[in-house]
Amino acid sequence: MTPISFALAHSLPEVVLAVGALALLMLGVFRARDGRDWIISECAIAVLGLAFLLLFVGAGPKVVVFDGAFIDDAYGRYMKGLALIGSIVTLLLSLDYMRREKIDLFEFPVLVILATLGMLMLISAQTLISLYLGLELMSLALYVIAAFHRDNVRASEAGLKYFALGALSSGMLLYGASLLYGFAGTVSLQGIAAAINGKANIGVIFGLVFMLAGLSFKMSVVPFHMWTPDVYEGAPTPVTAFFASAAKMAAVAITMRLVVTAFPGVTDQWRQILIFVSILSMALGAFAAIGQTNIKRLMAYSSIGHMGFALVGLAAGTEQGVQGVLVYLSIYLTMTLGTFAAILSMRVGDVYVEKISDLAGLSRTNGTMALFLSAMMLSLAGIPPLAGFFAKWYVFNAAIQAHLYPLAVIGVLMSVVACFYYLRIVKVIYFDEPAPGFERASPAVTAVLIVASLLVVFFSFWPGPLDVAAAAAAKSLF
Amino acid sequence: MNVAAVFFYLFSAIMLASAFMVIAAKNPVHSVLFLILAFVNASGLFLLMGAEFLAMILVVVYVGAVAVLFLFVVMMLDVDFAELKQGFLQYLPLGSVIGIVVAIELLLVMVGFTQSDAALGAGASPIQANVSNTEALGLVLYTKYVYLFQASGLVLLTAMIGAIVLTLRHKPDVKRQVIADQNARTRADAIEIKKAPSRAGV
């Protein structure tokens with residue numbers, strides 16, 4: 001048994017988030033006037049930023065602490081970095097929005113920190129119990145912030161729907177976990193791998209299927225995607241950005257860790273499942289988004305499709321595939337946050353609008369924003385030389401190296417179909433008659449949009465650091 | 001058949017029957033009462049296994065808190081259960097077909113389910129002979145499982161914050177008791193002396 005200080009040193013970001021959430025909660029309860037935000041959001045950004053910086057402290061070979069429940073490795077640190085970026089940017093985007101919508105309660109940043117803590121614990125989970133607790137901490141906070149605009153019927157509906165389906169998915173996950181525990185006699189992921197020892201027992205396969213079904217809900221991939229469009233549309237826009245960015249990072253991260261660590265001997269079994277959900281997600285993401293008029297719903301289908309593309313890399317089941325997924329997720333994170341920054345800039349008078357037709361003629365009313373948003377759309381579509389193209393290139397390359405030719409071909413075809421609706425937005429922006437112009441967005445939102453656009457546009461000139469970091473992270477997983 | 005076996009079957013039979021009655025009872029209050037009966041019998045089963053701490057916790061938490069809370073909710077909310085059950089018959093055939101298919105599949109899994117060699121050895125968790133069940137839990141809760149214990153605490157805290165955020169409303173026109181204000185009242189704030197002319201009425 002290692003001393004507790006050693007364990008805490010390897011979970012510093014989590015400790016900072018937990019203590020920070022409690023401190024900010026106290027600060028909010030005792031100091032904030034009328035429960036308004038006051039400076040809690042700014043403090044929360046500082047806490048999350050501190051946790052992000054601590055990811056670079058004491059990095060080394062993988063260490064398992066807390067009696068096998070928690071692992072600290074390069075893979076975990078990489079994914080935690082993505083999740084933390086997602087949360088920090090979410091809070092930056094939310095500052096102005098929450099105040100204008102009069103839902104700037106101090107609980108929001110606290111819940112975002114708690115959700116992020118859940119994500120970090122989920123990413124580092126090394127036993128089924130810590131996996132479930134991390135997942136539940138993340139989900140509970142997410143259910144609440146989905147319904148945060150409680151006087152709004154659509155937000156309440158979104159929260160309730162997300163809660164009911166999330167509870168169902170937790171049940172499935174637990175059922176699968178109990179089957180795995182029954183088979184292996186241990187909750188440790190490595191212990192399960194040792195017990196399976198390359199032989200696919202029917203109980204193990206059932207456990208695997210149920211666990212993947214539960215995690216698919218969180219990743220929102222087909223056929224467990226039904227909640228996504230409604231929740232994305234109903235929830236407050238910064239919350240939607242949080243769902244589409246940080247929450248997805250954590251869900252995909254734990255799915256990869258689970259299948260690679262606990263099921264290395266039965267790759268064929270989970271590969272079938274992943275190929276199946278990947279193809280369906282890409283197809284649904286491509287076709288269902290075509291008819292959308294609400295840009296948040298469109299982004300929901302877009303995120304379903306992108307998760308399908310990311311899983312192509314995981315289906316390869318190789319180190320290269322995992323590296324591809326990591327690169328894909330990093331770029332997807334940038335594009336999503338940039339797009340949501342643009343959506344949060346869509347304000348006419350005092351009202352945030354979210355129809356695609358509201359973007360009409362944006363090039364004439366706000367040329368800069370039109371340019372940046374178009375860069376985002378073209379990158380999401382995967383058009384070279386923007387970052388989105390390289391993301392897809394990484395995962396398809398991994399699939400081809402693993403001889404999954406049909407999957408790669410279908411992926412490329414679906415990517416072409418998906419181009420249609422991204423290009424339609426560009427067309428609306430540049431060639432339609434102008435709709436009323438938008439108000440000036442807050443500096444934080446504009447900054448996020450500009451930084452994301454620059455990263456997406458200039459990624460191809462300097463892909464080295466991301467490539468190296470992702471390769472090191474993928475190596476530590478195997 | 002020894003006494004433990006007799007009690008096992010007694011508790012199990014009553015628990016199953018009352019669990020069935022929870023969903024079959026027409027009156028929701030009766031459902032909650034049957035739920036309490038099921039919990040009490042489950043705690044009896046725990047006692048038979050030597051897990052006296054879990055047995056007591058089950059009674060205290062589930063019967064004492066959760067089930068009573070259910071009773072309050074059932075009595076305070078005006079939910080028309082007859083209306084809720086209206087679609088029941090309509091969906092019964094399809095639902096039961098799906099249920100039966102799933103049940104058969106799960107049975108097939110159970111038939112083919114084997115434990116790994118490692119699990120067969122690890123299944124029975126050894127308890128030291130001179131340590132009671134409660135003490136054994138206490139020994140590991142803050143040492144071996146401290147991470148999971150703290151994580152559960154955070155989950156519960158999140159649930160609490162969520163419940164407060166989503167339901168608590170500060171209504172401006174509700175008068176609240178503030179002890180400090182009451183104590184700080186002086187004679188000058190509280191009463192006003194008016195000059196009333198005598199013999200003139202009010």
Side-chain angles (χ1 to χ4, degrees), chain A residues 1 4 7 11 14 17-18 21-22 25 34-35 65-70 105 107-108 110-111 114-115 117-118 121 127 129-130 132-134 136-141 143-145 147-148 150 156 159 175 179 181-186 191-192 194-197 199 201-207, chain B residues 84 95 98-99 101-126 137 139-174 176 178 180:
Chain A
M1 179 109 190
I4 190 80
S11 55
E14 286 81 2
L17 289 190
L22 296 179
L25 188 63
D34 304 333
V65 290
F66 290 122
D67 221 72
F70 184 96
L105 304 175
E107 283 97 343
F108 179 71
V110 173
L111 284 168
L114 284 170
L117 174 62
M121 288 166 51
T127 65
I129 303 180
S130 50
Y132 178 68
L133 282 173
E136 223 32 38
L137 181 55
M138 169 181 103
S139 313
L140 260 180
Y143 303 146
V144 178
I145 57 174
F148 207 75
R150 61 184 187 185
S156 309
Y175 184 62
L179 282 176
Y181 174 62
F183 173 78
T186 170
I192 292 171
I196 292 173
N197 200 10
K199 286 189 292 291
N201 182 288
I202 182 136
V204 172
I205 296 176
F206 254 66
Chain B
L84 277 181
I98 294 175
V101 169
V102 173
I104 290 173
E105 284 179 351
L106 292 182
L107 272 180
L108 288 177
V109 175
M110 286 305 138
V111 169
F113 193 87
T114 51
Q115 287 190 297
S116 70
D117 302 337
L120 292 175
S125 53
L137 273 177
L139 284 176
V140 291
L141 199 55
Y142 289 100
T143 52
K144 192 176 176 191
Y145 295 118
V146 63
Y147 173 72
L148 304 172
F149 188 69
Q150 296 292 339
S152 323
L154 284 168
V155 171
L156 293 178
L157 174 73
T158 310
M160 236 160 75
I161 299 175
I164 293 173
V165 169
L166 294 181
T167 54
L168 184 68
R169 280 164 201 275
H170 289 288
K171 289 181 186 150
D173 49 342
V174 172
R176 288 167 196 283
V178 183

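A quick note: this is a predicted structure, and the numbers were derived from the prediction, not measured. Each chain gets a letter, A, B and so on, in the order the sequences are listed, and its residues count up from 1. Reckoned from all heavy atoms, side chains included, excluding hydrogens, waters and symmetry mates.
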A.B. asks: Where is the tightest heavy-atom contact between A:G203 and B:V109, given as atom of each residue plus distance?
C.D. replies: CA-CG1, 4.3 Å
A.B. asks: Side chain, backbone, both or neither: which part of B:L108 has an atom under 4.5 Å from a heavy atom of chain A?
C.D. replies: neither
A.B. asks: With side chains defined as the heavy atoms from C-beta onward, is the minimum distance between A:F148 and B:V165 less than 4.5 Å?
C.D. replies: yes
A.B. asks: Output the option from A:N197, A:N201, A:T127 having the highest count of non-hydrogen pairs under 4.5 Å with chain B.
C.D. replies: A:N201
A.B. asks: Where do B:L166 and A:A147 come nearest, in terms of heavy atoms and distance?
C.D. replies: CD2-O, 3.5 Å
A.B. asks: For A:I196, which atoms come within 4.5 Å of any heavy atom of chain B: side chain, backbone, both, or neither?
C.D. replies: neither
A.B. asks: Rounded to the nearest 0.5 Å, what separates atom CG in A:L25 from atom CD1 in B:I161?
C.D. replies: 4.5 Å
A.B. asks: Give, as side chain, backbone, both or neither, the part of B:L148 having an atom under 4.5 angstrom from any heavy atom of chain A.
C.D. replies: both
A.B. asks: Within a strict 4.5 Å, meaning less than it, do heavy atoms of the A:V144 and B:T158 side chains meet?
C.D. replies: no
A.B. asks: Below 30° counts as parallel, above 60° as perpendicular, anything between as tilted: where do the rings of B:Y147 and A:F66 land?
C.D. replies: parallel
A.B. asks: What residues, two or more places apart in sequence or in another chain, satisfy salt bridge (charged side-chain N to carboxylate O under 4.0 Å, His left out) together with A:E136?
C.D. replies: none
A.B. asks: Hey, what do you get for CD (A:E107) to CG (B:L168), rounding to the nearest 0.5 Å?
C.D. replies: 8.5 Å
A.B. asks: Looking at chain B, which one of A:I129, A:I145, A:V204 has the largest number of heavy-atom pairs inside 4.5 Å, strictly under?
C.D. replies: A:I129
A.B. asks: If I measure from the heavy atoms of chain B, does A:L114 come under 4.5 Å with its side chain, its backbone, both, or neither?
C.D. replies: side chain
A.B. asks: Using heavy-atom distances under 4.5 Å, tell me whether A:L111 contacts chain B through its side chain, its backbone, both, or neither.
C.D. replies: side chain
A.B. asks: Checking heavy atoms, do the side chain of A:L179, its backbone, both or neither come under 4.5 Å from chain B?
C.D. replies: both
A.B. asks: Return the set of residues passing side-chain contact (heavy atoms from CB on, under 4.5 Å) with B:L106 (not counting sequence neighbours), or none when no residue passes.
C.D. replies: A:Y175, A:F206, B:V102
